[in-house]
Every structure is written in structure tokens, then in C-alpha cells.
Amino acid sequence: MKSVDRSPQPEAVQKWLDAAATAMSGAASKRRDALLELESAILENIDERTADGVVTDELVNDVLQRMGDPEEVGGSMLPGSPLIPAHQTRTFVFHVMAVFAVHFFLAVGATLAGRSLGVPPLRIAPIADPKNVLELVAHALGVLFLDVGLVLATYAVLSRVGRIFRVPQSALRVTTTPRRCIEVAIFLALVFIVVNFLRDNLLAMYVPDGDGVRQVPLVGPGIADNLVWFNVWIGLSIARELGYAAWAERRHTLALDIIAGAAGLFCLLRIVATKNLVDLSGARESLGASADSVGGLLNLVFVLLALGAAALIAARTVQRAYRLALLRG
Amino acid sequence: MSSLFDKIGAELRRGLVQIAALSLLRERLYGYQLVKVLAASGLETEEGTLYPLLRRLEKQGLLTSEWDTQGSRPRKYYRLSDDGIDALPRLEALWSEISEAVGVILQSDGLVALAEANSK
């Protein structure tokens, strides 16, 4: 493409073009060419409709609205389905490097500690012989290939899912209102209070004890042992909602959303791994032999609920990560 | 009902714009110019649809393009390629057939037309 002078243009036009660029595939020169054509058309349209030389926001918005959804137009201009879309190459490299850095750092930590690190279900094994340079390099390469594979698989799945459902990228935008965010934050605060302070009262059985009744809490160690992680998750989720209420969809609010999602996923997987969510041993006197089978059934129900919630949170987090990658790209 | 009409109308136009654009691009035109000519001819087209269409036709080899950077603003001009010049008469003939067939169906009772076709 030949170089051309670009005249100053309204910020809204640049934002529209940036959004269109995120949806384009193909070589950088082709993307520049397509963007220049769109830019030229938009500015020509604005010029023609400007009677007195004054460009108003209303006029610009009207022209951009007539052009259509930038991501749909951009995607139609330069469609493609590579594993890593051209505009996401840098993001892909960044993600691989970030994952590799964390992975290798943990592997070194595990080696220094002399044991595996991590929390179930994630475990990072130590390097077998760190003094052997070849072993160290081989381990680093192994970690790198694994991480490239993981990130590539994630991109491929996201790309495939996007194509299967033909989700317009505009649909990934986080659209919420401050009022809705505050409502969710209040709800989360109530959940925090219930789980921390009222759980033994709400999830309990009352069994005869002498002249009166005795309260038997049914919450098993699966909840109690993971309370810290649960509180971290809820705290981050409240911060996320307040962030959306204050700044709407921005890179930092999306990042906070992803962190909260990761914390939620981690917490739920830990709870599932602990298994013992409901403990009916204290009610064995009144339930008799059926206590174990009822307890087992309740545990199964809660585990399934936790897995369902984890799947929803994972889907939401991946969606937000994808959205963030698009904004960064 | 009105929005349904608009939607069907837009789909119908979208299909027709392809042949109309190819026909107009016997002359060298740039995108925005083409939009205006189409609109003046009564075939109003969404710009967000036209530019991708032009790219697609170029990729299919029916159009060629070149940038003109001499004016105040760079413009990408399109024109029929040699393949496009060859294809246009055939597309026009196809359009005539389709137009005639749809005309017959619209002007007569569809079932009568079908019965006549079957009896031949």
C-alpha cells in the first residue's frame, strides 16, 4: 500500500476503525488497505454532509451508524479463519510468554522447595536434576511446548466456538447498568454474610436431645475448609461489579472480571475436590442407617451444582478474556 | 410487519446489488461514488454491505482496483476486470431469465403456472 497523508479525524471515526480492525484477518498490508478504504468512505460521507464546514458529533454518529457495526463490516471485508487471527498474533505471543513465565517460575519454586507445588487439581512438578544444564533446558522447552499447546488449543477452541455460534464480536461487549451492578454487588454481599455467619443456622437439622432439640450443622468441611477462597472470590466479584458500575467495560474492569472468574473457578474446583460438602454424621442418631446414603446423595447434588456453576464461570471468564484480547489486539 | 418487510426488502436488494454494481463498474468508480449512483437509481445500499461486496468481487477476479492518491483524499477505484467483462453478459442474461420467471409467477396464479409447466 502506498503511504498517504491522513487528515485529522473525529475520535469516534478512529474508534469505529479500530473496532473494525479487530475483526479483520489477513496480512497487515491488506488490513491497512481495507481500513484506509473505509476511512476514506467515512470521511467523504462526512465531508459531503457538512454544509458549513462544522462537523458535529450527531453527524459523525449518523454516518458511522449508516456504515453499520464496525466488527461486522471489518469481518466481512477481510474474513478468514486462521487458528490465530492476524490481529491477535501479538496477543497470542503475550499470552504464551505470560503462561510460560508463571509456569517456569512455579517449576523453579517447586525445585527449590523439593516438592510439587500448586493446589489440586493443578500441580507443578520440580525439575528432576536442576544442576544439569541439559536437563534444565529440556525442562524449560517441555514447559514452553506445553504452554504453547495449551494457549493454541484455547485460541482454537475460542475461534471454533465463535464460528459455530457465529457470535458477532459486538455481542461479547459487557453491557450492564450501574444500577444492575449495584444490585448484584448487594446480592453478593448477602451471600457473603450468609455463608460466613449464618450457614450453620440455615443448613442444619434439629434433632431431639433430652427435653429439647439440638441443632446439628450439616455443612461439611468441603465448604468450611475453603471459606478463605470463597471469600476471596466473593470479594473480587463485588469489586468487579463496582468496577463495572463506575467505569463500565474497560480493559481494567475486564481484567478484574477475569481474575474474579479465575478465583471462582479455583474455589469451586477445590470445593468439588474436597467432596464432603454435606456432613450428616451429626444427625445419624435421628436418621439412622439412611444418614450415609442421604448424605451421599446430597453431596452428589451439591457437587453437580458446583460443577455446573464452575462451567458457567469458566465460559464467562473465557468470553471476557477473548473480549479483552480483542480490545488489546 | 413493517420491520419484516424492511428485512425482506434489504435481503432482496442485497442480492441485486451484486449484478447492479458489476454493471455500473464498466466505468471506473470508487466505493462512495457507487453508493450514490446506486441510491440515485433507486437501489439504496448499506455502505457496510457494499464495501465487503466489492472486496469479494475483486477476490473472485471480477473486479480490479487501484488507489488514486492525487486528490485531497485517497480513493480506491474499482472497475470490471477482463473476467468481469466476460461474465457480465452471462449474468445479465441470467438476470433476465430470473426476472421474467418471477414476473410470470407474480402476474399469474402460481399454481396455474406450475400446471402449465408440468403439462409441457
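Values in this document were obtained by computation on a predicted structure and should not be read as measured data. Chain identifiers are assigned alphabetically (A, B, ...) following the order of the sequence lines, protein sequences preceding nucleic acid strands; residue numbering begins at 1 within each chain.
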Where does A:I42 contact chain B at under 4.5 Å (heavy atoms): side chain, backbone, both or neither?
neither

For A:A34, is it the side chain, the backbone, both or neither that has a heavy atom under 4.5 Å from a heavy atom of chain B?
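Answer is both: backbone and side chain atoms of A:A34 are under 4.5 Å from chain B.
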
Tell me whether [X] at atom [atom1] has more than 12 heavy atoms from other residues, nucleotides or ligands lying less than 6.0 Å away.
| X | atom1 | value |
| --- | --- | --- |
| B:R28 | CZ | yes |
| A:E183 | CD | yes |
| B:Q60 | CD | yes |
| B:E44 | CD | no |

Residue among B:R75, B:K36, B:R73, B:K76 satisfying salt bridge (charged side-chain N to carboxylate O under 4.0 Å, His left out) with A:E44:
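Exactly one pass, corresponding to B:R75.
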
Per the side-chain contact (heavy atoms from CB on, under 4.5 Å) rule, which among B:Y30, B:W67, B:Y32 passes with A:E37?
B:W67

Side-chain contact test, heavy atoms from C-beta onward, threshold under 4.5 Å: evaluate it for B:Y51 versus A:L38 and give yes or no.
yes

Check: A:D33 and B:R55 side chains under 4.5 Å, non-hydrogen atoms:
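When only atoms from C-beta onward are counted, A:D33 and B:R55 do touch, with a gap below 4.5 Å.
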
Any idea which heavy atoms bring B:G48 and A:V73 closest together, and the distance?
CA-CG2, 3.7 Å

So which of A:A20, A:G68, A:A41, A:G74 has the largest heavy-atom pair count under 4.5 angstrom toward chain B?
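When all of A:A20, A:G68, A:A41, A:G74 are compared, A:A41 has the most.
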
Part of B:K59 lying under 4.5 Å from any heavy atom of chain A
neither

